[in-house]
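One structure is given here, and the rest of the page talks about it.
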There are 2 protein chains.
Amino acid sequence: MSLSPSSAGLSRTGGLHAALRLAILEQQLAPGARLPEDAIGEAFGTSRTIAREALGRLAVEGLVELRPNRGAFVASPSVDEVRQAFAVRRGLERVVVQTLAGQMKPAGLTRLRAHLAAEREAEEHHAAGAIRLAGEFHLLLAELTGNALLQRYVTEVVSRCSLGLATHARPHSADCGCREHAGLVEALSAGDTAGAEALMEAHLAALARRARLDEAPEPDIRAVLAPYASRLKGTR
Amino acid sequence: MSLSPSSAGLSRTGGLHAALRLAILEQQLAPGARLPEDAIGEAFGTSRTIAREALGRLAVEGLVELRPNRGAFVASPSVDEVRQAFAVRRGLERVVVQTLAGQMKPAGLTRLRAHLAAEREAEEHHAAGAIRLAGEFHLLLAELTGNALLQRYVTEVVSRCSLGLATHARPHSADCGCREHAGLVEALSAGDTAGAEALMEAHLAALARRARLDEAPEPDIRAVLAPYASRLKGTR
DNA sequence: GACCGCATGATTGCATGCGATTCATCTCCA
DNA sequence: TGGAGATGAATCGCATGCAATCATGCGGTC
């Protein structure tokens, strides 16, 4: 949909860049997965040059990790990085809410309400798209601000949060409750800036909490093995 | 100083990327300036490939505009885009302040105070680096949060703001007053979250105001010519 | 039997070369 | 004289090829 490299007049590099980003964000490429230039180039029918360039750009975005002479890997955020992403997200979405509150246009409200309806629909039927829709609600809000930079950052950070939750959260925790979304829309349409801010804050906090980010299911080998090592020393 | 591509173990692409960014932020490369791959590669003793790659990455950061089949140009953001960047920046730096307030480590304070001293020094002597140092104060704050994502975003958005001010502000307005920086550091070290937040808010507002962003020295041809056109109509 | 050093294969890092596109200039015609 | 079209240089977009680097498996040694 958003990736028609040639038809969109995009350069091949741009096309690959967009396609890879989508693949990563949709988790078709799992965090930590290797991204060999050859394979990517071949998959898209281009040379390594293009793949390489796209990977470099994704690295700037933080979606890909570039290890010198080793190759590229899909970034796999640690629990701590996800927590950091949520901190940034709170700040950004706060700006979104502040920008929108009191200056919502009817067209924007219409779109938001339509989205809410879709969310409810998907949630009731346990549709696969429910999680995606929940994320897209936030993207829609960002879009409505008309601030392109803000929109880009929110998109990125929401993606990262999703990626992080997918990696570390317990199952079925990545979705927003759509009632909270509905409340937000009402506060925004009423021009209740403070209320909307508080709702957004609570919403994001709940989202992070649902994810059990305080737990640490982190497979840090060294930390796990440290006690064993010290026991070995003591026994000896 | 911060650009020794080979010695730093950086790839050549990385070195060029960093060097070009610095050159743009120090306004050695003016907004709108052309950036031909050939010339850049030659200047750094590398091939076009590397230059091209670095330019692509800078484009992702928003420092460079890539026009298909036309080449690369130093980005020259519109007044509106600069305003948007400031809006985002306020949100991000707020998170920085919230994160830091009350948990400043002595090492961090030392670095901040050293930086303040350097700023004062540069300001007194009207050194060329004064503007850069003023920006780097904010980067240092972001770095001290330990939040890599936040640091990246602040870096980008500060760059954009600097670039925007370079394009649209009246001369000598792009520098922060380093007294405001000093006040911030004191509030942070005292753990005065609310005070630090307020200071940062005021500081950024002052920065934007100094830039006369409300004025519109925009060379919008149509707007300028509109009265002439209507007069022509009237006369006719 | 375990560990260290070395050769081999795979992959990255970078430079070069060949079309393709664009812009500037010149020419020609109305 | 003014403008539309042609021509050329300059530059970009991309593929390919070679050297450098790193992972992997094997043989040797303690």
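Here is the naming used below: chain letters follow the sequence lines, and residue numbers restart at 1 for every chain.
Contact annotation: Arg52(A) does not reach the phosphate of dT11(C) (side-chain N/O to OP1 or OP2, under 4.0 Å). Under 4.0 angstrom from either OP1 or OP2 of dA15(D) there lies at least one side-chain N or O belonging to Arg12(A). The side chain of Thr46(A) places no N or O atom within less than 4.0 Å of a non-bridging phosphate oxygen (OP1 or OP2) of dC14(D).
Separating the CZ atom of Phe73(B) from the P atom of dT11(D) is a distance of 11 Å, rounded to the nearest angstrom. In this structure, His17(A) places its NE2 atom 16 Å from P of dG13(D), rounding to the nearest Å. Rounded to whole angstrom, the span from the CD atom of Glu42(B) across to the P atom of dT11(D) amounts to 11 Å. A straight line from CZ of Arg67(A) to C1' of dT12(C) spans 14 Å, rounded to a whole angstrom. Here the P atom of nucleotide dT11(C) and the CD1 atom of Ile40(A) are 12 Å apart, to the nearest Å. Atom P of nucleotide dT16(C) and atom CZ of Arg48(A) are separated by 16 Å, given to the nearest angstrom. In this entry the distance linking CD of Glu37(A) with C1' of dA15(D) reads 14 Å, nearest Å. Between Leu66(A) atom CG and dT11(C) atom P there is a gap of 16 Å when expressed in whole angstrom units.
Side-chain N/O atoms of Glu143(B) and His138(B) include no donor and acceptor closer than 3.5 Å.
Looking at which nucleotide of DNA chain C each of Thr49(A) and Arg70(A) is closest to, the 5′-most match is held by Arg70(A). Taking for each of Asn69(A) and Ser47(A) the nucleotide of DNA chain D with the nearest heavy atom, the 5'-most of the two is the partner of Ser47(A).
In summary, the aromatic rings of His181(B) and His115(B) are positioned with their centroids too far apart to meet the 6.0 Å limit.
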Check the pair Arg12(A) / Glu53(A) against side chain to side chain contact (heavy atoms under 4.5 Å, CB included), numbers first and verdict last.
CA-CA 10 Å; Arg12(A) 298 196 185 182; Glu53(A) 219 169 313; over 6 Å; no
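The pair Glu156(A)-Arg152(A) counts as a salt bridge, with a side-chain nitrogen and a carboxylate oxygen less than 4.0 angstrom apart.
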